Amino acid sequence: MNFLKTNLSCSSAFFIFLLPVAFSNFGVRFMQVGGNYVPEIYLCICAILAFIFCKEFRIFPLKIFANANVIMVFIFFSIVSLFSILGDNFNIVGFYGRYRALFWFLIAIFIGNYFIKRDNVEVFYQGLLVFCLSSILFSCIDVYWGTGGESVKQGIPIFSFVISIVLLLRKELYSYALLISVLFVVLAFFSFWRQNYIIALYGFILTFIYSLKKGFRYYGNNIGLRSHLKLLLLVPFFAVYGLIYFWNNIINFLFEDEQRYIQSVGKILSFFENVDQGGGTSEQTRIEQYRFLLDNFIYFLLPNGLVDDSILSLKSLWGGDTYNAGVSIVRDSSFGYFTVVFGLLISFFINILFTFRFFNGYKRNLNNYRLFFIYLIIPILVVYFVDGLTMTQMQKSIYFGFALALIFPYRHGNLKFC
């Protein structure tokens with residue numbers, strides 16, 4: 001339990017705990033002004049109070065962001081974003097919402113970059129864990145309130161769960177990690193997003209196997225691990241028993257609403273029935289999107305800026321055909337988002353950079369990097385290819401940024417990349 005005795009001050013932990021309200025669907029319900037999500041007032045109040053009462057909040061922001069490289073990156077991405085002004089459907093309110101998501105995505109990467117390269121990285125991990133656990137708490141409240149509402153699908157912060165699990169495992173808090181992974185599976189079920197099912201099951205299975213392996217390896221040396229191992233061995237029994245006991249309730253819950261059935265059982269069955277033809281309808285649509293981008297790649301080499309993802313048709317600023325299949329390319333996958341917004345040239349170099357860094361970090365295994373890599377790489381790839389909303393909503397983009405920061409390796413103790 002040494003991890004619970006943190007170097008993070010109580011005041012800092014308190015304000016970090018409050019921040020996720022603005023980065024959650026729970027906050028979206030209450031921070032509405034004229035039908036638009038406006039969390040800036042809440043964030044400004046938190047920032048002012050944190051600046052007054054927390055020494056850390058007076059020191060670190062200046063150190064992190066008063067940096068020429070950081071400023072240049074923000075300027076570069078801001079200029080690229082403004083290309084959308086040249087389009088026919090430019091909307092200042094919509095542009096601000098999408099730019100805000102990109103802004104917090106970059107903020108998360110730079111915060112992680114700053115701390116992971118230094119000796120106080122443990123303080124960052126502790127603060128990030130508080131941030132993610134708070135996000136999970138508000139997500140649980142939001143899903144509870146949202147179930148039975150007009151919208152069947154519920155957004156959950158998938159990277160909050162995955163990051164929390166891996167940080168707890170890193171400190172050998174296996175029982176807590178397993179508890180979070182079980183909660184992740186439950187909330188993923190109520191979210192009715194297939195990618196959440198995949199990521200939640202992946203996290204649970206990985207956590208169970210990793211904990212089991214550690215439990216057997218150190219069984220005789222650690223009383224806590226022995227108790228945990230006994231609890232762990234009961235998990236499959238309770239899982240099967242709970243599934244059998246609640247099976248009728250689960251089936252009734254899914255079948256009492258047509259949209260619940262369609263978004264869960266219906267789409268899964270559709271996928272398997274059409275797997276020989278390349279997948280279900282959603283998968284075929286994404287393949288068509290990739291073909292469109294490939295056929296018109298010359299027109300997507302340069303950036304299009306932060307295009308309006310609510311408009312289903314798409315044509316490059318630089319010419320080419322018009323895509324009009326009833327689905328937004330930018331919203332349907334992060335790959336489509338980066339390709340359209342930043343252009344194929346910039347996206348290509350970003351992808352190459354991250355790929356080399358990822359595998360270089362895995363090879364060298366600095367600061368438990370492999371543990372972060374194994375847990376985060378699959379969720380990142382799933383989101384990259386099937387979830388573009390992650391980059392268009394700030395309540396998702398900030399956690400995606402932290403996930404990338406954790407598996408983008410840096411040399412410990414200095415300012416150089418690996």
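We use all heavy atoms of the structure for the numbers below, so side chains are in, but hydrogens, waters and symmetry mates are not. Computed from a predicted model, the values in this text were never measured in an experiment.
Closest heavy-atom contact between Pro39 and Ala22: CB-CB, 4.0 Å. Taking each heavy atom of Thr322 and Phe292 in turn, the nearest pair found is C-CE1, 4.0 Å. What you find for Ser181 and Phe204 is that their closest heavy atoms are OG-CD1, 3.6 Å. For the pair Val340 and Leu293, the tightest heavy-atom approach, listed with the atom from each and the gap, is CG2-CD2, 4.3 Å. Contact record, Phe74 with Ile107: CZ-CD1, 3.8 Å, taken as the closest heavy-atom pair. Leu376 and Ala403 get closest at one heavy-atom pair: CD1-O, 3.8 Å.
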Atom pairs and distances, side-chain donor-acceptor, residues 341-351, under 3.5 Å, sequence neighbours left out:
residue : atom : partner : partner atom : Å
Ser347  : OG   : Phe338  : O            : 2.7
Ser347  : OG   : Gly343  : O            : 2.8
Asn351  : OD1  : Tyr384  : OH           : 3.1
Asn351  : ND2  : Ser347  : O            : 3.1
Asn351  : ND2  : Tyr384  : OH           : 3.1

Donor-acceptor contacts, no H, no angles, side chain residues 129-140, under 3.5 Å, sequence neighbours left out:
residue : atom : partner : partner atom : Å
Ser134  : OG   : Phe17   : O            : 2.5
Ser135  : OG   : Ser160  : OG           : 3.0
Ser135  : OG   : Tyr399  : OH           : 3.1

Between side-chain atoms of residues 61-70 and protein atoms elsewhere (two or more places apart, or another chain), which donor-acceptor pairs fall under 3.5 Å?
residue : atom : partner : partner atom : Å
Asn67   : OD1  : Asn69   : N            : 2.8
Asn67   : OD1  : Val70   : N            : 3.3

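A salt bridge is defined here as a Lys NZ or Arg NE, NH1 or NH2 lying under 4.0 Å from an Asp or Glu carboxylate O, and Lys315 with Asp321 fails to meet this definition.
For the atom pair Arg331 CZ and Thr390 OG1, the distance stands at 12.5 Å (nearest 0.5 Å). Rounded to the nearest 0.5 angstrom, Met391 CE and Asp309 CG are separated by 11.5 Å. Once rounded to the nearest 0.5 Å, the distance linking CD1 of Ile158 with OG of Ser191 reads 9.0 Å. Atom CD1 of Ile329 sits about 5.0 Å away from atom CG of Leu314, to the nearest 0.5 Å. Residue Met31 holds its CE atom at 9.5 Å from CD1 of Ile41, rounded to the nearest 0.5 Å. The distance from the CD1 atom of Ile111 to the CG atom of Leu128 is 9.5 Å, given to the nearest 0.5 Å.
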Point to revise | Thr207 vs Tyr375, side chain to side chain donor-acceptor pair (under 3.5 Å): CA-CA, chis, key distance, verdict | key: CA-CA 9 Å; Thr207 303; Tyr375 267 83; 3.2 Å; yes
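By the 30° and 60° cut-offs, the orientation of the rings of Tyr210 relative to Tyr174 is tilted.
Remark: Tyr99 engages Ser78, Ser81, Phe95, Phe103, Leu306 in a side-chain contact (heavy atoms from CB on, under 4.5 Å) (not counting sequence neighbours). Scored by the side-chain contact (heavy atoms from CB on, under 4.5 Å) test, Ala200 finds Phe184, Val185, Ala188 as partners (sequence neighbours excluded). The ring pair (Phe, Tyr, Trp, His ring centres under 6.0 Å) check on Phe105 picks up Phe400, with sequence neighbours excluded. Residues satisfying the side chain to side chain donor-acceptor pair (under 3.5 Å) criterion with Asn296, sequence neighbours excluded, are absent altogether. Judged as a side-chain contact (heavy atoms from CB on, under 4.5 Å), and not counting sequence neighbours, the contacts of Ile71 are Ile75. In terms of the side-chain contact (heavy atoms from CB on, under 4.5 Å) criterion, residue partners of Ser333 (sequence neighbours excluded) are, by chain and number, Tyr290, Phe335.
Side-chain N or O atoms of Ser84 include none that pairs as donor or acceptor with a backbone N or O of Gly305 at under 3.5 Å. Distance alone, capped at 3.5 Å, places no donor-acceptor pair between the Ser334 side chain and the Tyr337 backbone. With Arg100 contributing its side chain and Met394 its backbone, the two residues share no donor-acceptor pair below 3.5 Å. Looking at Trp318, its side chain does come within 3.5 Å of a backbone N or O of Pro303 through a donor-acceptor pair.
Side chains of Leu168 and Ile165 form no contact here, defined as non-hydrogen atoms less than 4.5 Å apart. Here the side chains of Gln395 and Asn25 are in contact, with some heavy-atom distance below 4.5 Å. Counting heavy atoms from C-beta on, the side chains of Gln126 and Lys171 never come closer than 4.5 Å.
Residue pairs meeting the salt bridge (Lys or Arg N to Asp or Glu O under 4.0 Å) criterion with at least one member in residues 373-395, sequence neighbours excluded: Asp387-Lys396. Residue pairs that meet the ring pair (Phe, Tyr, Trp, His ring centres under 6.0 Å) test with at least one member in residues 36-61, sequence neighbours left out, are Phe60-Phe115. The salt bridge (Lys or Arg N to Asp or Glu O under 4.0 Å) analysis of residues 176-189, with sequence neighbours excluded, yields no pairs.
For Tyr125 and Phe372, the ring centers sit closer than 6.0 Å to each other.
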